[in-house]
Structures are given as structure tokens and as C-alpha cells.
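Please read the structure below before turning to the comments.
Nothing here was measured: the structure is a model prediction, and the numbers come from that model. Proteins come first, then strands; the chains are lettered A, B, ... in the order of their sequence lines, and each starts at number 1.
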Amino acid sequence: MATITKQARNKIWAFLALGTFVGLLLLPLFLSLPAGAGDTPAPAASTASAAAAPADAKPVEKSRDVWYKTEGPVVGAPAPKTTDSAKDYPRYNFESRVILWVALQQHLYYGSFVLAVPIFCMIVEYLGVITKDKALSRKYDQLAYDFVKISLTAYSITALLGGIVIFTFLTLYPTFFGYLSSIFRPVMATYALLFIAESGTLYIYYYAWDKMREGFLKWIHVAMSVILNVIGTVLMMLANSWIAFMQSPAGVDADGRYLGNVWHVIHTTLWNPINVHRLLGNMAFGGGVVAAYAAYRFLTAKSDEERSHYDWMGYVAMFIGICFLIPLPFAGYWLMREVYAYRQQMGITLMGGLLAWLFIIQAVMIGALFLTANYYLWQGMDRMRGAERYQKYIKYMVFVLIMCFIVWLTPHTMVMTPAELKAMGGQQHPVLGNYGVMSAKNGAINTIITTTVLSFIIYQRANKIPTVKWAPYGNAFLFGLFTMAYVNIIWLAIYGYYIPANVRVGLSVPQVASTLSCLFIGVILNSIMLKGAKDVGPIVWGQISVRGQYALIMLATSFTWMMGLMGYIRSSVRLFWHVNEIMRDNSPWAFTHTIGFGANMISFNVLFFWLTILFVFWLGSLGVKKVPATAPVGQKVPAPAGSH
Amino acid sequence: MVGQSREITTGMKIAIAVISLLVATAYFTFLDWGAMKIQGLDYFYMFRK
Amino acid sequence: MTALKLVEGYMPVQMLIEMGGLALLFIWSFYLLDKKMGIKVNKLAQATGLFLFSIIYFRFRIYPPIPFSVQAIYATMTLIGIFMWVSSTETSWQDFRQPLIAVVDAKTPTTQIIRAVSVVLLPFLVGFLGWNNMKPSIDEPIELRTVHPAPPASTKVHGKTFVLQTASNPYRVDDDGKYSDMVQKKYIDGNPWDEKAPPYMQYVREGGQIFFQNCHFCHGDNLNGRGMFAFAFNPIPANFTDAGTIAQLQETFVFWRVSKGGIGLPREGFPWASVMPPWEQHLTIDEIWKVILFEYWHTGYYPRTWD
Amino acid sequence: MFTGKVLGGVTAAIIFGAIGTIFYFLPESGAAQLMRKAFHLGWPGGLVIVILMLYFQFGRKNDPRQGELVFKSVIGLLGYSMLFIAIANYAMNFNDESPGVPGEPRFLPVSLVMFTVACFTMAMYFKGVRVLLQIGGFMFFVAACLAGFGNWLPQVKADPPPAEEKTADVRQMSVQERADLGEKIIFGAVGASGTQGAIGKGQCPLCHGFQKGFLSERAPNLFGIPTRALERLKDPRYSQADPSKRDTVQKEACPGCGTAQTAAEYIAESHACPNCYVVAGFGVKGSNDRESPMPASHKPPIALTELRRTHRR
């Protein structure tokens, strides 16, 4: 009897908790309504300031939105015209922009991490709930729990850094900050409230973990993680609206006067592409950080048990990270397209102009990420008996990858001394010049991705022999699929040289479609074939080389570096504008730094982040319970490998 | 790789491989054509010129 | 090495196939040595051999010679590839490490000597490399020109403002005088000297006349950047037949470049290395459009469009 | 003969020899400056390590681990000095951006390499923190590669274009300056008002005549406008004091603006709201003089900025 009441009580508590979260979620909306209405006195205030300005004396002036081209009442003051003075740009004996850069970047890293980890937890917790295998299910659950714990510390650091960012911004760029906050006032209020809601949810989510362990309550707990992530994502989107506004302003007129429509200000043309790109990027980044954590614990592990646990954790994290990495280029492509559509010269500055060399670095990193992922999979084959059958193919795959990498990295504009230029007879090399264009690059990167898929398929079947009746046909089909995919991708790359540009740009779509065909058809077919397959040997978690773990660390470091780089690119494409074409940067730091300086700063940020996050890990490891003593040795490949 | 239930000769293996290659070729050609079509472009541009 | 001619037009693919074939040959020869003749070559030796070979290939096989920067990128890639290969399996990795560890452990007199020599030489090597890198050089500095710098949003020629994103060539017109993307395709083999030629072809002819009166001295009579004055300049004039020049650009971009010339290049197009005159001082707006029309017609490339 | 100890000694001798050589022969070179700076920054910590080393050497005669401890402190000192040379490199060159000058900020990634080397060297001997040092070293290595690549590429620094031409505050200007500014806007240059075809940013002469007797078909000739403006105000169609009675597409320059009372106000109103009053015969064809063909001067395509318009106040 007592137990029943206890259960019932638990249920009531759970519903109450859920209700509270939904309430918390909706609260900002309610609060922002009066905030929106609270704008009515704002016109009066702005008229007061406008009255000081020479021309606009009358209260309700209409003006035209710079992007949406709609008419709206002028509500805000025009964007301030700054001068190179201590009033607009206070000096603190150091480049203000660089200080702000560091503060923002650190905030962003931590922000991404604490946004990504709950998503990560949600997936892992869900996996734990649906997994039938009790031991594995517990393992997943424990994993998710460990991560919320780490994210708690990281969360407070994020908040702290956020405070530092606002403080730095306010101190170093008071005029600009004033302008931005005058436009985004309701958004900022909503943001602050959501932030509180997020904190509350996170803490309850964490502390209710043990209480809501079983049955229906567990589902509510999973639902809570969904709510947590919804809040987190909305938070991120609000923050994105500020940077999107700075890059592609809307909702203001040509003088930067706010026209009273918050939605226009938030929903600028680049907002959604940035949202998608960032969400995926955060996830890949979160996976990377978690993988690095696992690698760290693996390398310091004292017992085989620990080693096997952290090996497994690293694998899962890496897997989730890569899953989000693969769609990332497409999101990037969309963003780029929108940038081009918004302002052509912005697009050219990025891809062919001043910042083009940064994209070369990005290309290096994308290649490196895929190489590392492949390498990790190959190293992972050491865990399985039976993998020897496939290891002899590794060298061919290395070869294909490196050839593609060489094409991928051949710069369009080669760096050379004048003597070399004369020896070559022009800027364009007759052989290598052909590798510098889009057609070849698309072919190369798609071949690299296809090879990565192939690696994964081989990894999946490394210790298995398919026993289904149609296995020979299946194998033959896989063989045909991959062979023809390679042929098709390369053929399209070559074909691109023979047709005009307006047709050529379309070729990247079938190329990508070929790659995705391999990814989906290949992996699904392979998974079906491996149902009930004969095991040659078990997966011995923990039996991976140290190099494999360093591959994980490499992945994580590269993710971090890449985020820094892409953020720098996205931000510096505004060149000398605070708000593109609305508010000019007149500070002494309006110039664009050299690539080298950017690279040094990014390195600094990356290393600083890792130093601090190691500290967070250390804090998190202080109270970690002993890893459950369920020996995963001889266990099946965990769900991610088989189910995707 | 050989299924437990029946023997597969080398000749048959080659036949299966060739057929699957043909199927894949057809599939990818269709894919290319379709993917260009939805963008309003002509995949066989060069050959129709 | 350059005696083996590369086939014109197929060179990039040829290079890849050649590299592929050589790599297969490499793998195959060591396989034969091992399995048929019983000579097991150590992985370190194999790796070193492959690396040296790749350097030689990139250095001498490819003609014209590739700049050092690109060679360095390729060599690094090869190194990474070789590392991935030798360390892909544990046995291969141990095989690769074995000679190195033997040297460090120095159990035999030979390895002892090798170790001693390398310990003494390494600091000097590092020192030399450092010095070599830092010492002042009398070479001309490396120039980085952004060949296609970002254009301005609009450009003003003869007092008229052209918005680059929206402007179009007024002479790219079909028979009815309407702007048409397809007209060039239609008349690509047309005869501009035909008396009854459609308006488009007549504009092409006029553009050609302007080109041969003004541009071909540098850009060449085949539009390939090999005009009679071309090699007096550094860099040499743009080669319009190259897929990397006008084929990559919007027509308005070309219009901006032609009218403003070298001196109109934005900052990232510098260090100043273009002597092209600002043609707006010599040609009218119409003439510039026509000459651009001609350039595209003659090379068969289409101006880039933004969807 | 070539034992580890001997080789270690030889290596140490070479390193110290090289450093000594640099200080002796090139005391003002960059390397010497770097080392001096490093010493300046890090000497207290170094001193502590040296004291520790001396203590291990002389104070722990009976400790069986004495040799190991001394050796470890030497390695520690080595790593420590590398660390500080690397930091000194940052401190000296961080803010300098002079592309092409060797030995300057482009060599900052060398610091990262030194961190890497220091980490790995120490990891060899300090077993307790080995993994941490190795992971750190590896991260430094990855960052060094990427930053090195970034610095190896050619460097371009882009300055912003010159700030837009500043128009001084009209209210502070003398009458003559204002007149000159107006002439510049209308005719393109001071003193150009007499030139045939002179036209400025305002583009007014496209339609308006400015000289007595000049042909002015599209818009009224503006010669003598100060006196004529007063006549216009009296025109019943102008409907002074009651804009709502105007038979035009736009009745007021701005809601509540009212009508002009003086000649200057009339001219200002005409700039901001050409539709408010259309001189007979000059309206858009078919509009019965209800609409003016003139664009408002503060909106595109003319888009004069506020300060360039004449002011009501």
C-alpha cells in the first residue's frame, strides 16, 4: 500500500514538475507581451531625442525597412554616427576588439557546449530507455547523467562569461552597445527570462534524475530533456538574431531607426541559415568535447574496466558528433547562398576576395576531420577479431583519401615568388590549375565522404559474417553501388569542365545525391544484411590503440579551432561595419587583421578553452561514482552502430 | 561470404557483379538526370549540343 | 622526366591516373618481394622510399614546375598519408617503430653510433633550419594578389552609376531586342560579318573591332593573354580562354574591371601588379559592354549568373 | 662509450654553447633579446627550481632517489625556460603586424611548437601528469600546425575605406558657407552656377532653370524665387493656414506640419513635399496639377542628407 501511494505521489510530483516547466517555457512569452506593449511610451522617448535632431520634428514619421521594404512608424533613434574618440571607443591600452573577441569566443564555446550536451544527453537517455539490454541501458543512462553533471559546472561558467561579455561590450563599445540594446530591448528581456527558465529546468532535470528513474516517471524525465533543449535552442536563436542583424540588418530604415516590428529585427535574411548551421555545429562540437573527455579518461584509466567504459563512451560521442558533422556542409552551403543573395560583394569577399585564404584553412580542416574520422574507425577495428580480413584494404583507402585531399587543397590562387610565376608562365598552372576550381573540389570532397562511409561499412562488418540467404547478392550490390558512386562522382567532376558555368553549378547536387545514396542505401543495406550475422569475435572495448584516442583529441581540437575560424570569418566579413551598411565602425580597429593574426588569436582561444574545460572535467571527476561494474566485454555493438 | 545454403560458382559471381554494376549505373544516371531536372537544368547538355 | 609528354587537355586526370598506377606498382612490388622472394622490407624503409619518390614526382614530373608552396602542401599530405598507412594496424606500426626504437635503445655498436651522430647533429640541424628561415633574403617578396577581388556594390562610369548586382549587358539581346541569356548559345557559331546578321552578332562584331584596336596587344589575338606586349608585364595579362577568368565572373564584374583598370583595384588586389589602363578614359560605356560581349562570344564561356 | 649520460651531457653542452655564442657575438640579436625578455619574465620561478636542484644535490646526500630528483629538476628547468621563451615571444611580437618582416608575429606559432616540445619533454620524465602533459602537448601541436599554416600563407591586412566626407553642421556655418554648400549641391562646384550644364548631387538643373530667361519647361524657373515664394503663399490653391483644403495628392509635408508662413519655409516645404503645392501647368500629365513630377529631395533617388537640405528652423 505504502509503495503504491509513493508511486502515485511521485506521479503527481512529476506532473507538477512538468507543468512548471511548461509554465516556465511560456512565461517569457507572457512577459514579453507587456514588454511589447511597453514600447508604446518608447516613441515618445524617441521623439524627444528626435526633436533634438534637426529634421524630424513630428511624432509619427513613416519610414521604409531596409530589407523587408515595408513601411513602418519610426520608433527608434537613428544609428549613432561614431567618431574615433574615447567617448565612443574607450581605450584601455590594448586593442578593444581583441579583448571582446576573446570574451565572446569563450562565451560561445561554453554556450555551445552547454547547449549541445543536453541534446546529447537527450539522445543518449532516449537510447537508454529504448534499449532492451538492461546492462547497456544502464550504461547509457549513466553516461547521460555524467554529462549533465559536467554541463552544470560549464553552465555556471557560461553565465559568468556572458556577464563578462556584456561588461566588456559595455565598457569598450558603449555607443554601439547602446544602439543594439535599444533595438533589441524586448528580445534581451525575453533572453534573460529564458536563461532563468533554462537554469531552473537544467537543475531540476539533474536533481530529479534518481527520483525519476523507473517507468512512466522516466518518460517524463526524458520529456523534460526535450523541454530543456527547446528552451536552449530558442535561447541560441535569440542570440543569433543579434549577430544576424549586424550582418544583414532588417526591421530598421536606412538611417538605422527601429520601425517597431520586433519580428523583422529578429528574422533577418541570414537568421535561419545561421540558426541551422549553429545548431548542427554545436552538436558536432559537443560530440567532440565529450569524445575528448572520454579519451582523456581512457588514457588515464587504471583498470581494464575503466578503459572499456571510456573507449565505448568516446565511440558513442564521436559517432553522434560525426552524424551532425555530415549535414553541416550543406547547412554551410545554404548560409553561403543566402549571403550571396543578400550582398554579392559580401559573398565574393568571403569566397574569392579578402577572406578567401581563410577558407583554404577551413578546407584543410574539413579534410583533416574526415581523415581523422577514418583513422579512428580503422584503429577501432583493432577491437575486433576478424577485422584482419579488411585491414589490407586500408592502404588503398588511405591512397584515395590522400589523392582527393591533394586535389581538395590545391589552391586556386597559388602562392609563389615572382621567379616561380615566370617559370610557370602565368597565374594558372595548366595541370594543377584545374584542381583549383569548384568542379574538382566537389568531386574530391564527395569522394572523401564516400570513402568515409565505406570505412564505416567495413567497420560495421569487421567482426561479422552475414548469414542471410541473399548475402552474395547484397555484397555484389554494395560493390556495384560504391564502384559506380565513385565513377559517377568523378565523371561529374570531369564533365563540369565541358559545360558552361550556369549548367555546371547544378552538378554539385547530383554529386551530393550520389554520396548520400551511398550513405543511406549502403549503411541501411549493410545493417539489414548483418541482422543475425555470425560473430567472428566479440568487440573488446578498451582494446584500441592510444593513437585512436589521440585521433579523438585531434577531432575535438579541430572542431574547436574550426568553430573559432568560421566565427571569425562570419564576423569579419562585415569589414568596417558594426551593423552592415547602417552603422560604421569608426574605431581605430576597423581594419581587417591579417590571416596570421587571426590564426594566432583562434589558437589562443582554442587553447584557453581547453585549459579551462580540462579544469571543468577535473571538477566533474571529483565526485564521479565508480563506473558500474558491468563488464561490457563481449557485448554487442551498441545501438548507434547498428541502428543507423 | 559464401552463403551456407547453396554454392555459388565463380561465373555466377561475375554475372551478379556485372548485373549489380549495371543496376547501379542506371540508378546513378537516373539520379543525375533527376537532380539536374529539379534545378531546371539539362544533364545531357553536352551531348545535345 | 619531361620527355614523357603530358597529353594536352587530359592532363589533370592523367596526373591522377599516373599517381594511382605508380602507387599500385609500389604496393605490388613490395608484395612480390615479400611473398615471392621472401625479402621483407621494413615499413620504415618503405615509408621513406615512398616519401622520397613522391617528392621527386611532384618536383620533376609535373611541368611547368609547381611553386614551392604547393609542393610543400603536397609533401605534407603525403607524409600524413604515409603515417596513416604505417600506423593503420598494430603490426605494421610496430614494424615501423622497430628500427627507431633500436636506435634509441642503442644495444649494438651500429645503433650506438647512429644515435650519437644524430644526437649531435640534431641541434645543429634545428639551428640551421632556424637560421635559414630567419636570415634576410634578397628574393623578391612573395606577392599575394587576390585575382578576383570583391567588387564594389556599384561603380560609376562616365557619371552613370551601375549597380553590379542588377545591371546587365544592354547588348546581350535576342532578335527582338530583349535581354537574353540564351542568345550567345544560339549564335555561338554565327557569322558576325554577315550583312544580315542579327543585332547580337553585329554588336559582337563591333566589340571585336574595339578589342583588336585596343585590347589584343596584351590579351592576345586569340584572347589567351599572349599578346605581343604580354610578357613585358608581371603578372601577364589575363587569359580569357582560361576557365578561371571571365568564365568565373559576372558580366558586371568584368565591366567594372575593364572600366577601372589596374588603378581601380581595391586594396586586396594589391600589391599593385596590374598595368591595365582604366578604359573608361578611352572607351564609352557602350564600347565597353560590346567588347565584353565579344570576349564571351569568342571564348564560348558564359558569364556567371547568380541564379 | 656513447651512453645516455654522455650524450645528454654533449647535447646540453651544445645548447649552452649555442646560447653563449649568441650572447657573446650577437648581443643585440632577436634571439638574445628574446632570451633576455624570457629571463626577465620568468626568473623567480627558475630560481625556485634551481634552489630545489641545489637542495637535492647537496641537501639529500643519503636519499636513494637523489640522482633522479636532480635530473628531474634539470628537465623541469629546461621545460620551464622553453615555456618562458615561448611566452616572451608572444609578449614581444603579439601586437606587431608587419607582413613580410621575418622574425615578427608570423613566428608566433613557433611558441606553440615550443610549448609542444616542452610538454612532451616533461611528459617523458614526470610520470604522474604524463597523460595530461601529452594531451596538452598534442593540442598545442594541432594548434601549432593550424596557426603555422595560417601564418605561412601570405598576409594581407585590409584598411577600411576612408570615412565618408563629413558635412559640417549647417547651423554653425556662416551664410556664405551655406550658400557655397548649396551651390555645390546644385551645380557640383563652388562658382559653377554660371556654367551651362553644370550639375551637382542634387541634380536640380536637370529640370529647373536658374538664370533669368532660361528655358525651363519641366519645372518652374527658380530665378527670383525668394520674392515669388511670397506670391505663391497667397495663391488660393496654396490654401495657406489650412492644408486640408488643398486639392493635391499629399496635403502636408508631415502630419501636423501645417503650411509655410515665410518664403524660406515655402522653399523648404517644396523640397520635402513637392506634391503639397504644384505650380499651375507643372504637374504630372493628366493629374490636373494635383501631383508633382519632382521627387522629394531627401528620399531616393536624390536622397540628400538632412544637413544638405535647407532647414525650417
Side-chain angles (χ1 to χ4, degrees), chain A residues 337 389-390 446 450 461 464-518 520-522 525 529 532-534 536, chain B:
Chain A
R337 237 181 126 92
R389 291 172 296 161
Y390 294 105
N446 279 299
T450 310
R461 51 165 56 202
K464 293 200 175 79
I465 294 177
T467 50
V468 284
K469 268 193 189 142
W470 46 275
Y473 303 102
N475 283 331
F477 185 75
L478 273 183
F479 166 75
L481 182 77
F482 273 91
T483 316
M484 287 324 291
Y486 278 122
V487 170
N488 191 43
I489 289 168
I490 293 165
W491 148 247
L492 288 174
I494 297 170
Y495 186 45
Y497 289 95
Y498 294 92
I499 50 178
N502 53 351
V503 185
R504 179 173 60 225
V505 291
L507 286 181
S508 58
V509 178
Q511 266 176 335
V512 168
S514 308
T515 309
L516 292 181
S517 300
C518 283
F520 291 115
I521 302 179
L525 186 71
M529 262 166 77
K534 195 174 90 186
V536 181
Chain B
M1 298 292 148
V2 182
Q4 294 156 320
S5 50
R6 55 178 143 164
E7 286 293 310
I8 291 185
T9 60
T10 320
M12 251 183 96
K13 269 187 189 169
I14 293 171
I16 295 171
V18 168
I19 291 170
S20 62
L21 278 178
L22 286 177
V23 170
T25 313
Y27 168 72
F28 280 116
T29 314
F30 172 74
L31 188 78
D32 293 349
W33 173 80
M36 293 297 272
K37 189 87 190 163
I38 50 173
Q39 297 177 87
L41 296 169
D42 182 13
Y43 174 61
F44 299 104
Y45 181 89
M46 193 170 76
F47 309 103
R48 286 198 188 142
K49 203 170 64 175

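Between B/Tyr27 and A/Ser517, the side chains place a donor N or O and an acceptor N or O closer than 3.5 Å (distance only, hydrogens not considered).
Heavy-atom pairs under 4.5 Å with chain B were tallied for A/Leu478, A/Leu507, A/Val512; the largest tally goes to A/Leu507. Between chain A and the options B/Asp32, B/Ile19, B/Leu22, B/Thr25, the largest number of non-hydrogen pairs under 4.5 Å is found for B/Asp32.
Within the 4.5 angstrom heavy-atom criterion, atoms from both the backbone and the side chain of B/Leu21 approach chain A. Heavy-atom distances place the side chain of A/Ile521, and not its backbone, under 4.5 Å from chain B. Neither the backbone nor the side chain of A/Phe482 comes within contact range of chain B; no heavy atoms are under 4.5 Å apart. Contacts between A/Thr483 and chain B at a heavy-atom distance below 4.5 Å involve the side chain alone, from C-beta outward.
Residues B/Phe28 and A/Leu481 have side chains in contact (heavy-atom distance under 4.5 Å, counting atoms from C-beta outward). Counting only heavy atoms from C-beta outward, the side chains of A/Leu492 and B/Tyr43 approach each other to under 4.5 Å.
When all heavy atoms of A/Pro510 and B/Leu31 are compared, the closest pair comes out as O-CD2, 4.2 Å. The minimum heavy-atom distance between A/Ala476 and B/Ser20, with the atom names listed, is O-OG, 3.0 Å.
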Practice task
Under the side chain to side chain contact (heavy atoms under 4.5 Å, CB included) rule, what do A/Val509 and B/Met36 come out as? Steps first, then yes or no, please.
Solution key: CA-CA 7 Å; A/Val509 178; B/Met36 293 297 272; 6.0 Å; no
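Separating the CE atom in B/Met12 from the OH atom in A/Tyr473 is a distance of 4.0 Å, to the nearest 0.5 Å.
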